There are 2 protein chains.
Amino acid sequence: MARYGKEHKQATRQRIIDVAGGRLKRDGIHGSGIATLMADAGLTNGAFYAHFESKEDLVASAVAEQLREQRESFSAQPPGRAGLEQIVRAYLSVAHRDNPEGGCPSAALLDEITRSTDATKRAYTDGLLVVIDDVAARLASDDPKWARMKTLSVFALMVGTLQVSRALSDRKLADEVLEQGIQNALALLDADHPSMRRR
Amino acid sequence: MARYGKEHKQATRQRIIDVAGGRLKRDGIHGSGIATLMADAGLTNGAFYAHFESKEDLVASAVAEQLREQRESFSAQPPGRAGLEQIVRAYLSVAHRDNPEGGCPSAALLDEITRSTDATKRAYTDGLLVVIDDVAARLASDDPKWARMKTLSVFALMVGTLQVSRALSDRKLADEVLEQGIQNALALLDADHPSMRRR
DNA sequence: TGTACATCAGTGAACGCGCGTTCACTGATGTAC
DNA sequence: TGTACATCAGTGAACGCGCGTTCACTGATGTAC
């Protein structure tokens, strides 16, 4: 192949990471083989190890990238509380549930991340906290540690709700779970004054 | 081997299902191979297909069994609201988080169940609803459909919270997530009158 | 009561397959002369 | 300006391995005579 400038190899690496992000979320880590993944990126399997040390290395990179993209997606919403509600409603939407490939990496991969290497778990933790702190800023609290915890716990609620909705084979029930999840998330966010931390 | 009564083969099948339950929750579906699974049950790989049609058949059976056991575990708690709180605190405990093998099948397997066959998803849905309705009876509501939805959505919160706590590589933060999850779950359960369904 | 036989849960080797990973090689290019 | 060479991103075949699944076989037993 052609001898390109140094930006070309980086672009290829990024393309692999992007393709992997979607595949991992749709088919899971074990369900995404390197050969088919590279084919999706328009390359052959052998080229993989010119870009990554191992499959787990790619997984960690892809998870980090997915969280970066999720952060941007959340940031695109209006500022403050209004945006918060939009984030919740978009997250717990039928469209998001039915499109894991383009959706939240936590909802699609949490179980498998838990069973992954420490490096992957660290990449996940670091990336998630950036997302969370970014959203937590909307709470405009003078207690940033409390805002982080509040946001993180409501996020966990949303992740679990989306997953349960995806797993239920009864579609009507699955839709109702999303709706109830929105109510629950908003209710918890409404109780956002430190004085209300315990009921 | 010996020719036993008909109860013997059933006992063997049950043993495989029980062993599989723990292995699946610890290592995931893809991480649990049939050969090692059968070895754990004291058998060789070939015997597997005398008991199950396929691996997915076992997975569906094991998921159903795990949910049956979870129902029993929840039922063992004191009746009414007091038991509810104990269920929440046990579920969102450090002990449960650090022992997926003996814990909740939803928290350990939801992502993979979502990607499984319809039969497995149906087994999951059916088994989960029995668990949920059983717990929902503690709310003693005159609106059983509302009680189911309330319970199911709080359960989803707990599942997501446990998963996030498991994935975080920062243990202190992971512990705090559990604690906040307990507060959130109890707060939502406290708002259990139909008149309070919308804030 | 003693013996031959049918039963059938379990054995263990083998199957094709896709996995993650390695590596000798290719070939288009920028650079040196 | 023209030619030889070094570079290196990407190729594609091959590796050992464990996967899910199949199947001819084993052998201890309850039953029939």
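Lettering follows sequence order; numbering is per chain, from 1. Please read all numbers here as calculations on a predicted model, not as lab measurements.
Which of D:dT11, C:dT11, C:dT21 sits closest to the side chain of A:Leu43 comes down to D:dT11. Of the listed nucleotides (D:dT11, D:dT21, C:dT21), C:dT21 has the atom at the smallest distance from the side chain of A:Ile34.
Residue-to-nucleotide proximity on DNA chain C shows that, of A:Ala35 and A:Gly46, the 5′-proximal contact is made by A:Ala35.
Checking the phosphate oxygens (OP1, OP2) of C:dG18, no side-chain nitrogen or oxygen of A:His30 falls inside 4.0 Å. In terms of phosphate contacts, B:His8 brings no side-chain nitrogen or oxygen within less than 4.0 Å of OP1 or OP2 of C:dC8. The side chain of A:Thr12 places an N or O atom within less than 4.0 Å of a non-bridging phosphate oxygen (OP1 or OP2) of D:dG10. Put simply, B:Tyr49 has no side-chain N or O that comes within less than 4.0 Å of OP1 or OP2 on D:dT22.
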### DNA chain D base-pair string [pairs: Watson-Crick or G-U under 3.5 Å; |: paired with another strand]
.||||||||||||||||||||||||||||||||

Could you list the donor-acceptor pairs under 3.5 angstrom formed by side chains in residues 44-53 of chain A, with sequence neighbours left out?
none

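Ring pair A:Tyr91/A:Phe74 is tilted by interplanar angle, where 30° to 60° counts as tilted.
In this structure, B:Thr36 contributes its side chain and B:Ser32 its backbone to no donor-acceptor pair below 3.5 Å.
Looking at residues two or more places apart in sequence or on another chain, you find a salt bridge (Lys or Arg N to Asp or Glu O under 4.0 Å) between B:Asp175 and B:Arg97.
A:Lys9 has its NZ atom 15 Å from the P atom of D:dT7, to the nearest Å. Separating the CG atom of A:Asn45 from the P atom of D:dA14 is a distance of 13 Å, rounded to the nearest angstrom.
Among the atoms of the strands shown, base atoms are found under 4.0 Å from some heavy atom of A:Ala47.
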### Query
Should A:Ser153 and B:Asn184 be marked as a side-chain hydrogen bond (donor to acceptor under 3.5 Å, both in side chains) after you check the CA-CA gap, both sets of side-chain angles, and the distance that decides it?
CA-CA 8 Å; A:Ser153 66; B:Asn184 290 350; 2.9 Å; yes

